[in-house]
Amino acid sequence: MGENGESEPETLTGFDADEVFALVGNETRAAIVHALGEAGGRDVARATLSFSELRKRVGGDVRSSQFNYHLQQLVGSFVEHVDDGYRLHRVGMRLYRTIVAGTFTQRELLDPFEVGVDCYFCGSAVEAAYEDAQFMVQCPDCGHAYIRMLMPPSAVDTDDDAELLARVDQFNRRDLLAYGRGVCTICAHPLDTQLIPAADAPMAGSAELDVFVHRPCDHCGAQPHVTLGLALLYDPDVVSFFRERGLDVTSTPVWELEFAMTDRYTTVRSTDPWEVALELTRDGDTLELVVDGDLNVAERNLPE
Ligand SMILES: [Zn+2]
Ligand SMILES: [Zn+2]
């Protein structure tokens with residue numbers, strides 16, 4: 001749900017990509033979206049500005065007729081014409097927030113720092129780093145990448161490493177949860193499900209694993225790959241098994257969960273058809289989930 005209790009589209013739906021780029025590729029039109037977005041605040045998300053006020057805020061030396069031409073190009077897509085002026089459409093608001101987050105405009109650097117976990121493969125201290133809009137949790141020695149995700153640069157502008165790590169982990173879980181349940185977080189379309197030998201996965205770090213859950217999106221082309229442990233992280237039995245034994249897997253950073261970062265608790269029983277077991281242990285108890293090639297849990301062996 002968005003502000004004011006209204007539901008808000010999560011993506012720029014209803015336009016094709018060429019249209020979106022053409023509309024905001026012009027300097028004046030981008031400035032209009034920015035000025036309308038900036039006029040909002042904590043109380044009123046989408047402020048309304050009169051034509052003259054909007055033109056004043058956009059500034060520059062664009063003639064009134066030219067300004068009006070560009071404004072009208074946006075009306076009906078990112079901008080709404082209302083009784084007392086102009087305001088962003090919800091989709092325009094989403095665009096404004098993306099611009100403010102700075103995904104495409106800034107490249108901040110964060111000095112790598114240790115996350116408090118030893119590499120599961122070589123024992124070196126695992127580090128967090130940010131570069132080129134990507135947040136990474138990785139081993140500086142063996143190079144194994146535990147987490148890589150796109151994140152707006154503005155999000156890492158903090159001196160509080162612990163707070164940043166907790167926030168990054170939860171931000172990442174939004175995707176993990178949806179991927180685990182087969183929904184694309186970019187376009188909300190259903191995801192395909194394929195189990196693939198890790199050696200066939202295109203990313204760094206696949207050598208240390210046995211299997212990946214690959215969930216390609218036919219609509220937008222997203223290609224998420226997750227470990228079996230991450231794909232099953234929000235399975236109700238997994239959550240309650242650990243919860244009953246003193247570990248909250250919904251708030252413990254995923255890089256601290258060995259079963260999610262390695263395949264040491266994963267056994268590939270068959271690849272044709274796929275049958276893979278995840279055997280979790282804690283306090284001498286065991287929970288075993290066996291999945292098929294569609295990631296359905298075909299067998300659950302709960303502790304006694
Ligand atoms: Zn390592
Ligand atoms: Zn998609």
Side-chain angles (χ1 to χ4, degrees), residues 7-21 91 94-95 97-98 101 103-104 111-131 133-152 165 168-169 171-194 196 198-199 201-210 212-227 229-231 234 253-266 294-295:
S7 72
E8 186 177 24
E10 283 294 304
T11 50
L12 302 175
T13 48
F15 306 96
D16 69 43
D18 288 346
E19 272 180 315
V20 173
F21 289 124
V91 173
R94 182 75 186 183
L95 177 69
R97 287 177 181 146
T98 304
T103 307
F104 308 110
D111 287 332
F113 63 93
E114 295 179 3
V115 304
V117 168
D118 291 336
C119 178
Y120 297 106
F121 304 104
C122 78
S124 294
V126 172
E127 290 183 347
Y130 184 78
E131 208 183 316
Q134 202 174 36
F135 192 94
M136 297 161 285
V137 173
Q138 61 188 8
C139 174
D141 278 350
C142 74
H144 186 85
Y146 291 100
I147 297 295
R148 279 173 188 260
M149 67 177 126
L150 279 179
M151 229 174 61
L165 287 176
V168 164
D169 180 52
F171 185 71
N172 187 35
R173 280 161 187 268
R174 178 192 61 163
D175 286 346
L176 289 176
L177 181 57
Y179 293 155
R181 306 265 157 102
V183 179
C184 180
T185 51
I186 297 170
C187 72
H189 279 245
L191 296 173
D192 196 8
T193 308
Q194 297 161 358
I196 58 170
M203 74 277 285
S206 53
E208 287 84 3
L209 298 171
D210 301 324
F212 265 117
V213 180
H214 181 210
R215 307 211 83 164
C217 178
D218 281 344
H219 184 73
C220 76
Q223 299 281 330
H225 289 77
V226 293
T227 64
L230 284 177
Y234 283 90
V254 293
W255 46 87
E256 293 181 20
L257 303 173
E258 189 177 11
F259 74 87
M261 295 291 107
T262 74
D263 274 352
R264 285 172 195 159
Y265 304 86
T266 300
D294 294 323
L295 205 61

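All residue numbers refer to positions in the sequence shown, counting from 1. Each ligand, and each atom within it, is numbered from 1 in the order the structure gives.
- With R264 contributing its side chain and Y120 its backbone, the two residues share a donor-acceptor pair below 3.5 Å.
- One distance of note links CD of Q138 with OG of S124; it measures 12.5 Å at 0.5 Å rounding.
- With Y234 as the aromatic partner, R174 does not meet the cation-pi criteria of under 6.0 angstrom to the ring centre and within 45 degrees of the ring axis.
- D263 places a side-chain N or O within 3.5 Å of a backbone atom of D210 that can act as its donor or acceptor partner.
- In this pair, H144 and F121 present their aromatic rings tilted. The plane angle is within the 30 to 60° band.
- Around the Zn ion (ligand 2), the protein N, O or S atoms closer than 2.8 Å are C184 SG, C187 SG, C217 SG, C220 SG, listed by chain and residue number.
- Of the possible donor and acceptor atoms, one in the side chain of D169 sits under 3.5 Å from a partner among the backbone N and O of V254.
- With a 4.5 Å cut-off on side-chain heavy atoms, Y146 and C119 count as touching.
- Side chain of H214 to backbone of F212: no donor-acceptor contact under 3.5 angstrom is found.
- Listing protein N, O or S atoms at distances below 2.8 Å from the Zn ion (ligand 1), with waters left out, gives C119 SG, C122 SG, C139 SG, C142 SG.
- Donor-acceptor pairing under 3.5 Å is recorded for the side chains of T185 and D175.
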